[in-house]
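Along the sequence shown, the residues carry numbers beginning at 1. One-based numbering, in listed order, for ligands and for the atoms of each.
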Amino acid sequence: MSMLSVRNVNKSFGGLQATTNLSFDVQPGEIVSVIGPNGAGKTTLFNLITGVYTPDSGAIELEGSSIVGKRPNEIVDLGIARTFQNLRLFTNLSVLDNVLIPQHHKLKVPWWQAVLRTPGYRQAEAEMHERALEKLSFFGPRLMSFRLHQPVYVLSYANRRRTEMARAMATGAKMLLLDEPSAGMNPKETTEITQIIRRMRDEGGYTILLVEHKMNLVGEISDRVIVLDYGQKIAEGSYHDVVNDPKVLEAYLGKRDEGEEETA
Ligand SMILES: Nc1ncnc2c1ncn2[C@@H]1O[C@H](COP(=O)(O)OP(=O)(O)O)[C@@H](O)[C@H]1O
Ligand SMILES: [Mg+2]
């Protein structure tokens, strides 16, 4: 059974058709990349899957069960967590607290145990802490030791991205949606994050759908690539096949005068 199934999904904003009849599947343990020029509908697709937007029509299923109409928090609990193109961290809180927060509502102990700080509560808290450290350690020493307790606002942009990825992993999700994980990273950091994404799958067991502009990263880790243009899927296949597809070249070349960075 597919981990994620998107079937004939449509979404428009006023007169603009942002997603048109989009269908694809992601299998358990796959790394699938979504590419396409600015405005192609990549972030909209993530917003549809994660319940930020509701499709006008079509089906979205996680392991065979519909997630259409569910709220973003419910979808996280069902197993899909994401990172954002524009980061959404609590910048005044520490690295560790940012990774602990999404786990708090999952605490399986009654509220009064938290108030009284019973052994049961302290045990649950210790496990959350353990899980946070395990996810943060995916990024090597970069977020560990003294960094754990630093407020996010002192971190480099690359470290903020890493913290957001650790937070998504710590939700307990089985599928991760990464929106431009290497944005703002230099070539060395991009190579490193490429390897980490692969380890997230190989060692962490996550299924990964990612949006990315850096083609070396996409080519390096993707089992499959989906190309969007004006909200439609124009190609799907191996990295090699899609980058040599005339439709894909045309989609990109037609827009070469546009800026690389996005604001959406
Ligand atoms: N909430 C919204 N309201 C109106 N238009 C939107 C909204 N979200 C996205 N769009 C439009 O949908 C199109 C696809 O945007 P987006 O999904 O952000 O593209 P991408 O991430 O591929 O650059 C763009 O034309 C964008 O302006
Ligand atoms: Mg986008």
Heavy-atom nearest neighbour of atom 15 (O) of ligand 1 within options Thr44, Val52, Asn38: Thr44
On the six-membered ring of Tyr121, is Arg117 placed so that its NZ or CZ lies under 6.0 angstrom from the centre and within 45° of the ring axis? no
Indicate whether the side chain of Ser12 and that of Asp56 have a donor and an acceptor atom separated by less than 3.5 Å. yes
Can you find an N or O of Gly41 that's nearer than 3.5 Å to an N or O of ligand 1? yes
Mind checking whether Leu228 contacts ligand 1 via backbone (N, CA, C, O), side chain (CB onward), both or neither, at a 4.0 Å heavy-atom cut-off? neither
Going by the order shown, which atoms of ligand 1 are within less than 4.0 Å of some heavy atom of Tyr53? 1 (N), 2 (C), 7 (C), 8 (N)
Closer than 4.0 angstrom, basic N to acidic O: yes or no for Glu164 and Arg88? no
Does Asn38 bring an N, O or S atom to within less than 2.8 Å of the Mg ion (ligand 2)? no
Charged N-O contact under 4.0 Å between Lys174 and Glu63: yes
More than 12 heavy atoms from other groups under 6.0 Å of CZ on Arg71: no
Contact (N/O only, under 3.5 Å) between Leu45 and ligand 1: no
Suppose I only count heavy atoms of Ala40 and a 4.0 Å limit; which atoms of ligand 1 are within that range? 19 (O), 20 (P), 22 (O)
Scan side-chain atoms only and decide if Ser94 and Gln150 contain a donor-acceptor pair under the 3.5 Å cut-off. no
Of all the atoms in ligand 1, which lie at a distance below 4.0 Å from a heavy atom belonging to Ala18? 12 (O)
So is Gly36 in contact with ligand 1, going by heavy-atom distances below 4.0 Å? no
Test: Asp179 and Lys42 ion pair at under 4.0 Å: no
